[in-house]
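The next block holds one structure in the form of structure tokens; read it before the comments.
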Protein chains: 2
Amino acid sequence: MKKTPKYEQIANQLRDRINAGEYQANELMPDQVSLAEEFSVSRMTIKKALDTLALEGLIYTRRGDGTHVMGDISLKIETNSPADEHRGLTAFFGQDRVTSKIIRFDILFPNEALQSHLKLNKNEPIFDIVRLRLVDEKPYVLEHTYMPQKLMPNLSEDILANSIYDYLKNDVGLKLSGAYRKIHAVFADDLDIEYLQCRPNDPVLEVEQVAWLADGTPFEYSFSRNRYDARSYTVLDINQGNA
Amino acid sequence: MKKTPKYEQIANQLRDRINAGEYQANELMPDQVSLAEEFSVSRMTIKKALDTLALEGLIYTRRGDGTHVMGDISLKIETNSPADEHRGLTAFFGQDRVTSKIIRFDILFPNEALQSHLKLNKNEPIFDIVRLRLVDEKPYVLEHTYMPQKLMPNLSEDILANSIYDYLKNDVGLKLSGAYRKIHAVFADDLDIEYLQCRPNDPVLEVEQVAWLADGTPFEYSFSRNRYDARSYTVLDINQGNA
DNA sequence: AAGTGGTCTAGACCACCGT
DNA sequence: CGGTGGTCTAGACCACTTG
């Protein structure tokens with residue numbers, strides 16, 4: 001049983017109202033004092049809920065004016081693969097639609113680059129995993145993943161066939177915290193050609209990632225490779241009032 | 001003259017201390033009560049300053065434990081081109097290093113896609129701009145930009161030679177607010193080959209962007225094309241405690 | 001001038017982690 | 001258990017936009 005903070009509950013309700021069209025795009029929302037009365041909370045709590053929605057790009061606020069509902073952003077609507085994806089593919093598409101074909105599952109000692117990325121010394125073994133992820137039976141992304149063995153000693157092929165993230169979260173009890181990603185355009189390599197059915201010289205969208213736990217420990221270094229015509233990567237960048 | 005909030009001043013000071021090594025990586029920072037005393041502010045204000053740093057990935061907090069300084073993230077260190085780049089190239093590299101070669105500067109009526117992206121009707125003309133941006137005299141990125149004429153009626157080639165963003169912010173008085181980006185891998189086209197000196201069939205990293213003002217009006221739709229071997233795109237994704 | 005959102009306070013209670 | 005961070009309050013003052 002977990003407790004959801006008031007500001008989060010309120011943010012959820014307000015988000016629902018916006019999505020339901022109860023507050024129209026480019027119109028004003030009720031002012032913070034009214035909302036505080038409606039929800040029987042202090043204005044600071046309302047403010048925090050609104051901050052959440054502003055970070056999501058749903059509203060914007062202007063001192064002296066009010067809180068506006070943001071009109072739809074064209075690129076946002078077309079979007080299908082959000083930046084916030086370190087919860088994994090299964091969380092996004094649902095367990096039924098995602099399957100995995102294991103192409104490699106080895107264990108080895110890390111080279112210098114991997115020692116640095118995962119903050120390990122050369123004697124701490126890592127898993128070396130290559131998986132083809134399929135959505136609705138169709139090749140979606142080819143993932144090359146390195147993870148420290150010591151964090152997940154019981155990793156097996158059965159787990160790899162499903163979601164590693166679910167395993168780490170639910171069975172091992174690790175808490176995921178964040179990720180740093182670097183996005184490149186590269187040439188298709190032999191594996192891309194074989195499994196993603198790329199042609200030689202096709203461009204490939206590669207997402208290089210270091211992900212870490214709530215205590216700051218890196219737990220994953222990975223490359224995700226995508227067909228250039230099948231997938232893109234989207235980012236929402238909200239300017240926090242400074243400029 | 002503008003007034004900087006206390007929490008922002010404090011966040012800046014604490015950030016400096018972390019970067020100076022005054023608070024060591026993977027060590028605890030002073031607790032919030034102590035910091036509140038040191039800066040003579042309430043604990044809520046300290047909390048807000050720390051939230052800022054947590055969003056930047058510099059620290060992480062654990063209930064019942066304390067505030068930890070995040071160890072360095074490997075990809076973050078190598079990084080040179082941050083996601084937060086809608087302030088423009090000149091703001092990042094400095095005015096002296098960035099020059100622009102104007103390849104196209106036209107005005108035309110928007111097609112349906114552009115009407116949708118920029119929320120215009122078919123009778124409102126837009127600028128159609130192609131610029132090669134050079135850093136230290138070397139080709140860096142090829143930018144194809146569409147902007148509504150009505151927002152910036154006096155745009156000229158002189159301005160294009162420098163920073164459009166500086167012009168919009170300082171001379172026109174527009175307030176930039178946010179951007180939605182979609183990142184693709186694509187084939188080099190004729191312009192890429194000519195100006196970025198790509199070879200035919202080279203992959204190109206393309207960033208498609210819709211940017212909008214503080215009042216929610218879209219003011220720019222653009223494509224930035226980069227040589228695959230010259231540039232990447234980085235994103236920091238911090239999980240806000242939920243999962 | 002009136003009304004809005006942004007900041008800040010002083011204190012309270014709670015949830016969580018360590019011992 | 002003591003100490004930590006997370007939330008929340010009721011009120012205050014300020015900065016800003018609009019009439």
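Hydrogens, waters and symmetry mates play no part in the numbers below; they use all other heavy atoms, side chains included. So you know, we letter chains A, B, ... as the sequences are listed, proteins then strands, and number each from 1.
Picking from D/dA10, D/dG5, D/dT17 the nucleotide with the shortest atom distance to the side chain of A/Asp65 gives D/dT17. Minimum atom distance to the side chain of B/Met44 is reached by D/dT7, of the listed D/dT7, D/dT18, C/dC8. Across C/dT9, D/dT17, D/dC8, the shortest atom-to-atom separation from the side chain of B/Thr45 is found for C/dT9.
Between the CZ atom of A/Phe39 and the P atom of D/dT7 there is a distance of 18 Å, rounded to whole Å. Between A/Ile10 atom CD1 and D/dT7 atom P there is a gap of 13 Å when expressed in whole angstrom units. In this structure, B/Lys3 places its NZ atom 14 Å from P of D/dC13, rounding to the nearest Å. Rounded to an integer number of Å, the gap from CD1 of B/Ile46 to C1' of D/dG5 is 13 Å. Atom C1' of nucleotide D/dG5 and atom CD1 of B/Ile59 are separated by 11 Å, given to the nearest angstrom. When the P atom of C/dC8 is taken as reference, atom CG of A/Asp51 falls 13 Å away, rounded to whole Å. Atom pair B/Asp215:CG and D/dT17:C1' shows a separation of 13 Å (rounding to whole Å applied). Whole-Å rounding puts the B/Leu50 CG to D/dT4 C1' distance at 13 Å.
Nearest-nucleotide positions on DNA chain D for A/Val41 and A/Gly64 put A/Val41 closer to the 5' end.
Between A/Arg62 and C/dG6, a side-chain N or O to OP1/OP2 separation shorter than 4.0 Å is absent. Distances shorter than 4.0 Å separate some side-chain N or O of B/Thr61 from OP1 or OP2 on D/dG6. Within the structure, every side-chain polar atom (N or O) of A/Tyr7 is placed at least 4.0 Å from both OP1 and OP2 of D/dC8. Regarding contacts with the backbone of C/dG5, a side-chain N or O of A/Thr67 is found under 4.0 angstrom from either OP1 or OP2. Taking only side-chain nitrogens and oxygens, A/Gln32 never comes nearer than 4.0 Å to OP1 or OP2 of C/dG3. The shortest distance between the side-chain N/O atoms of B/Lys48 and the OP1/OP2 oxygens of C/dT7 is below 4.0 Å. Distances shorter than 4.0 Å separate some side-chain N or O of A/Lys6 from OP1 or OP2 on D/dT9.
Salt bridge present: A/Glu38 and A/Arg17 bring a charged side-chain N and a carboxylate O closer than 4.0 Å.
Looking only at distances, a side-chain donor or acceptor of A/Arg131 sits under 3.5 Å from a matching main-chain atom of A/Leu160. B/Lys6 contributes no side-chain N or O that, together with a main-chain N or O of B/Ala49, makes up a donor-acceptor pair within less than 3.5 Å.
Aromatic ring pairs are classed by plane angle as parallel below 30°, tilted from 30° to 60° and perpendicular above 60°; the pair A/Tyr60 and A/His68 is parallel. Between A/His117 and A/Tyr221, the angle of the ring planes stays under 30°, which puts this pair in the parallel group of the 30/60° scheme.
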Original post:
What do the steps show when you test B/Leu168 against B/Phe219 for side chain to side chain contact (heavy atoms under 4.5 Å, CB included), and what is the final call?
Top reply: CA-CA 10 Å; B/Leu168 295 178; B/Phe219 75 95; 3.7 Å; yes
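In terms of polar N and O atoms assigned as donor or acceptor, the side chain of B/Arg63 never comes within less than 3.5 Å of the base of D/dG3 in a complementary pairing. In terms of polar N and O atoms assigned as donor or acceptor, the side chain of A/Arg43 comes within less than 3.5 Å of the base of C/dG6 in a complementary pairing.
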